[in-house]
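Read the structure below first, then the notes.
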Amino acid sequence: MPNDDKKLDKELYRYMREKYREWNLAEQRDRYLTAHERTPEKSWQEYQSLWAFCMKLSYQPSERQEKQIMADWARYYERVQLFEAWRRQRGQTA
């Protein structure tokens, strides 16, 4: 039995998409019209702010997960070294 509460309101969705498209076009126009006002320093500062914001939102593994990741990389590197030694011993190239 479908739940009517979870149905998507198609008209509202279309309206939202249209408003988003209009907003996006206005943003593009504004960026185009003010491009000559933007300095490289200002662009760099905005990039740094965006990066800092994304880092705050990004997933931070726990200490146990970090240890496991490092152990996995160490095991992988050890296996690559063993394979390379095996390959050199037999005079084969990859």
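- Residues E27 and R31 have side chains in contact (heavy-atom distance under 4.5 Å, counting atoms from C-beta outward).
- Other members of the hydrophobic cluster containing W73, listed by chain and number, are I69, Y76, V80; membership follows side-chain contacts under 4.5 Å among ILVMFWY residues, whether direct or relayed.
- In the hydrophobic clustering (ILVMFWY side chains linked at under 4.5 Å, chained through shared members), Y20 is joined by W23.
- Under the 4.5 Å side-chain criterion, counting only non-hydrogen atoms from C-beta, E66 is not in contact with M70.
- When atom types are taken as modelled, the side chain of T34 and the backbone of E37 share no donor-acceptor pair closer than 3.5 angstrom.
- In this structure, the side chains of E22 and K19 come closer than 4.5 Å at one or more pairs of heavy atoms.
- Counting only heavy atoms from C-beta outward, the side chains of L50 and E46 never approach each other to under 4.5 Å.
- Counting heavy atoms of neighbouring residues, nucleotides and ligands inside a 6.0 Å radius, atom CD of Q81 exceeds 12 of them.
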* Between E18 and R14, is a salt bridge (Lys or Arg N to Asp or Glu O under 4.0 Å) present by the stated rule, with each step listed? -> CA-CA 6 Å; E18 179 61 26; R14 285 187 190 110; over 6 Å; no
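- Under a cut-off of 6.0 angstrom, the local environment of CZ in R75 is crowded, with over 12 non-hydrogen atoms contributed by other residues, nucleotides or ligands.
- Residue R17 holds its CZ atom at 13.0 Å from CG of L12, rounded to the nearest 0.5 Å.
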